[in-house]
Amino acid sequence: DAGVIQSPRHEVTEMGQEVTLRCKPISGHDYLFWYRQTMMRGLELLIYFNNNVPIDDSGMPEDRFSAKMPNASFSTLKIQPSEPRDSAVYFCASSSGVQPQHFGDGTRLSIL
Amino acid sequence: DAKTTQPPSMDCAEGRAANLPCNHSTISGNEYVYWYRQIHSQGPQYIIHGLKNNETNEMASLIITEDRKSSTLILPHATLRDTAVYYCIVRVSSNTGKLIFGQGTTLQVKP
């Protein structure tokens, strides 16, 4: 079975540019999560969706961050404008109901 | 969700059992203990979870003390590929929201 698929795996861009991260959850899963991992803060939840509807976005750091889930098989996390402190590994995860979350392999983002 | 405490690092010899402890003294009656691990450059991977009974699957065993204030994850025959950061997380199973990751335990399996 295909797991959670994230793209790109690596992204290097200059400060001020728009960055779009993509995620394809496991088919049939109704929950989708976006996490960020840094050395300083560890793994932290940014936002999660249930049936394509955002449920909790309290972890989104600033208005520069936005996330959408237009359908059950696709989600994006956008940063505009990007800043060096946004450099991190961004993970997407999905789950079915109360079952454990399954994670993708992440997008390593570097903002120069 | 209750807070957990884990040792920052542990070593284990290849082929031996790895026993990873976790303290969760403030756990509530309806909170489960979950274990995930993160191998370098990969996303976290679910291992096992339990409420109060000991659990076993193809990856590991989970031993929860009778008072539920601590637990131990056991990898029965550790291999080099088990080298990873192991996270113990406590949460209500019906809470389908956030997983709160602490700093975890870095397990180094040595030949």
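Sequence lines set the chain letters: A, B, ... in the order given, protein chains first and strands last, and positions in each chain run from 1. Only a predicted model underlies this, so the values are computations on that prediction, with no experimental measurement involved. Values below: all heavy atoms of this structure, side chains included; hydrogens, waters and symmetry mates excluded.
- Side-chain contact, Ser73(A) with Asn71(A): a donor N or O sits under 3.5 Å from an acceptor N or O.
- Contact of Ile55(A) with chain B is not made at all, since no heavy-atom distance falls under 4.5 Å.
- A cation-pi arrangement is absent between Arg91(B) and Tyr32(B) under the rule of less than 6.0 angstrom and at most 45 degrees off the ring axis.
- Heavy-atom distances place no part of Gln6(A) under 4.5 Å from chain B, backbone and side chain included.
- Residues satisfying the side-chain hydrogen bond (donor to acceptor under 3.5 Å, both in side chains) criterion with Tyr36(B), sequence neighbours excluded, are absent altogether.
- No part of Ser96(A) comes within reach of chain B, as not one of its non-hydrogen atoms sits under 4.5 angstrom from that chain.
- Checked against salt bridge (Lys or Arg N to Asp or Glu O under 4.0 Å), Lys68(A) has no partners two or more places apart in sequence or in another chain.
- Using a 4.5 Å cut-off between heavy atoms, Gln38(B) touches chain A through its side chain atoms alone.
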